[in-house]
Amino acid sequence: MAFLRHIWLIPLLPALGALTQLLAGRRLSNRAVSIVSVGLPGLAFLWALGCFAELLKLAAPTYLTNLYTWLPAGPFRLANGSLAQLNVPVGFQLDPLSAVMLLIVTGVGFVIHVYSIGYMGHEGGYYRFFGYMNLFLFSMLILVLADNYLMMFAGWEGVGLCSYFLIGFYFQRKSAADAGKKAFIVNRIGDAGFLLGVMLITVTFGTLNFQQITEAARSGQFALGNGTLTAICVLLFVGATGKSAQIPLYVWLPDAMEGPTPVSALIHAATMVTAGVYMVARSNALFVLAPKAMLLVAAIGAATALWAASIGLVQNDIKRVLAYSTVSQLGYMFLACGVGAFAAGIFHVMTHAFFKALLFLGAGSVIHALGGEQDMRKMGGLRRKIPITFATFVVGTLAISGIPGFAGFFSKDEILWQAFSSPYGHRLLWFIGWATAGLTAFYMFRLLFMTFAGESRVDAEVAHHLHESPWTMLGPLVVLAVLSVVGGYINWPTERFGHFLEPVFESPFRAAGVQLYGRNDELGLMVLSVAVALAGLGYAWLIYVKRPGLRERLAEPPGILHQILLNKYYVDELYDALFVNRAKNLGNLLAAFDLAVVDGGVNAAGWLTRTSGDLSRFWDKWVIDGLVNVLGFGIKVLSYPVRVIQTGVVQTYAFFIALGVAIFLGYYLVHFRP
Amino acid sequence: MTIPPHWYLALGTGLFTVGVVGVLTRRNVIVILMSIELILNAVNINLVAFSRMFHSVDGQVFAIFVITDAAAEAAIGLGLIIALFRNKETVNADEIDLLKW
């Protein structure tokens with residue numbers, strides 16, 4: 001029990017690293033920075049493994065610990081009129097759900113930290129990078145391990161802040177600074193929803209503790225479709241759309257690719273963006289009571305999956321394709337949550353963390369090899385130049401495309417099956433997911449072929465320096481590639497993963513036991529989804545490898561659809577017109593008001609003070625000083641006769657002395673006669 | 001034969017007058033200093049004359065005091081004049097008017 005009892009060490013270790021780097025990192029050598037900032041997350045990962053092992057041995061797989069009361073808020077009145085006492089503790093909850101997230105965050109996080117040693121080795125601000133990365137891990141672990149909504153919110157804000165820091169890591173570049181701001185502001189909109197949801201939970205349940213809320217929700221005191229719960233779930237989901245980049249708040253994630261590639265892998269693919277999914281899964285007891293909110297989640301998830309995948313079809317920046325693919329895969333996860341298949345959603349979170357981190361790190365390796373080039377039109381033919389990167393990238397691509405045998409296949413197929421068969425599901429949702437699977441396979445193999453296959457389109461200068469990455473970068477790639485293969489077998493052939501998570505997701509309201517579809521239907525759907533993935537693969541191969549000329553014919557001139565997709569449906573422009581420019585105009589208006597009225601008032605006050613000062617100075621100078629001067633002048637005039645005898649010549653004074661003696665002596669001689 | 005006291009007094013008065021006039025009229029500070037010596041010596045003559053007249057040595061003792069005083073005064077005076085000359089490069093009393101307002 002030693003590991004579980006000191007579970008607080010897990011977030012504390014990266015926090016220590018962050019403190020070291022941000023306070024003293026400037027004075028440390030790169031080597032020392034690497035040892036501290038990669039070693040501490042590594043220790044945290046080992047500790048997490050220990051906790052996981054001990055959790056499995058417990059009778060009921062839930063471990064709760066309360067460190068201290070953070071916010072003793074005192075008594076207040078609930079919405080239903082009863083009195084409640086709210087104390088928010090700093091407490092950790094380790095159950096199957098948070099254990100899975102814990103292992104993903106520390107494990108993938110550690111691997112990406114190792115990778116960063118190689119990738120960031122030649123960059124300035126090495127210590128700053130690792131300081132923020134460690135701070136991110138700390139925040140993410142707080143988010144994952146929290147036992148109440150408020151602590152989770154603290155972690156939620158922490159990861160958002162670190163995301164902002166790291167997107168704007170190359171802050172000299174305006175686009176990076178803007179992307180950081182965009183991410184932060186868009187996330188704030190979602191966070192407002194989350195916070196409102198938390199407030200509504202507080203006045204509804206009188207507690208923020210997950211355990212207590214789940215118990216209250218499952219106790220049957222709330223009817224199915226309860227309005228308050230629906231509102232709570234919708235508000236929480238608004239928060240999730242911000243953090244997890246769903247329609248309509250997904251626009252920040254593609255821009256977030258301005259950050260260093262390990263950041264994109266860790267924060268914008270594997271961990272932070274799945275926080276929304278985690279939060280919805282954590283609130284599953286509330287969501288199952290709000291079918292309308294569930295439908296919203298599923299619909300938004302499916303729509304986002306298709307929407308982002310279609311944009312990804314035509315993007316030319318290697319990281320942007322992966323970014324849209326991330327948005328799309330997150331849509332799958334929400335689709336799973338929305339149809340009540342929370343376990344499938346979390347399963348996809350895990351496999352996605354493996355293969356998407358792998359793909360991003362592989363893309364980073366490609367970018368590293370090409371000296372910073374990200375445009376796929378200037379790549380091609382790299383498979384012989386960087387073979388290990390290529391091999392691992394192929395594994396990642398196969399995994400995300402849902403080719404049987406790789407991790408992505410198992411989780412994606414589970415989601416599609418649940419979307420079709422679950423009582424919350426619908427054939428339309430399944431169809432959208434299925435179509436998206438085809439698009440995913442196409443754009444991922446398009447990426448693979450454009451980057452690694454065919455003739456080299458690399459600039460001669462760059463080609464000269466082409467090199468395979470160092471082992472600190474290749475090692476993580478290999479580890480993640482292995483995980484991208486074996487990760488799927490955790491839930492196959494028996495549903496071990498689903499059973500493991502069952503204590504968190506069991507609910508009397510779920511799936512009223514009506515098994516509408518049988519095993520044959522599942523197999524049929526599986527065949528269909530494999531077929532569509534292979535079709536996407538084949539089509540990509542056809543136009544990018546077999547007949548490159550066809551691609552040029554298709555692209556020239558670019559059709560209207562192509563143009564729309566290339567410009568991302570003009571959503572950024574639409575938001576600019578609808579919100580950003582309005583906000584800017586309002587800002588300008590307020591600035592003008594500030595300048596005219598507020599500054600005017602201040603300036604008028606200043607002018608008044610100055611004028612009254614001038615007046616009193618005038619009075620002082622001519623009246624007060626005048627009186628003094630007149631007095632002085634009078635004294636000067638009166639004293640003039642006395643002044644003239646003061647010649648300063650000793651002899652004059654001697655003369656007056658002698659004269660005085662003579663006068664007194666004469667007077668004496670005249671008057672005093674004996 | 002004794003010389004009557006008023007002779008001495010007349011000599012003293014004469015010498016004193018010469019001294020005063022010298023102090024008041026001469027320009028050269030050294031000459032002024034010398035004139036002061038004349039005044040002091042006029043006093044000495046009176047003291048010695050009265051001492052003899054009254055058959056008392058008090059007057060003579062006083063005269064010696066005055067001579068001592070005059071020596072000290074001459075030393076200090078000349079020192080002042082040297083200091084003055086070093087600063088003002090003059091010993092002309094008309095040009096030394098530092099006491100002026």
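Just so it is clear: chains get the letters A, B, ... in the order the sequence lines come, proteins before strands, and each one is counted from 1. Here the structure is a predicted model, which is why all the values come from computation and not from measurement.
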Has [X] got more than 12 heavy atoms of other residues, nucleotides or ligands less than 6.0 Å from its [atom1]?
X	atom1	answer
A/F184	CZ	yes
B/E89	CD	no
A/R26	CZ	no
B/F65	CZ	no
A/Y164	OH	no

Go through the atoms of B/L24 and report whether side chain, backbone, both or neither lie under 4.5 Å from a heavy atom of chain A.
both
Quick one: closest heavy-atom pair of A/V649 and B/A93, and the distance?
CG1-O, 3.8 Å
For B/V23 and A/Q651, the nearest pair of non-hydrogen atoms, with its separation, is O-NE2, 3.0 Å
Top of B/E95, B/R27, B/R26 for chain A proximity - count of heavy-atom pairs under 4.5 angstrom:
B/R26
Under a 4.5 Å heavy-atom cut-off, does chain B meet the side chain of A/A654, its backbone, both or neither?
both
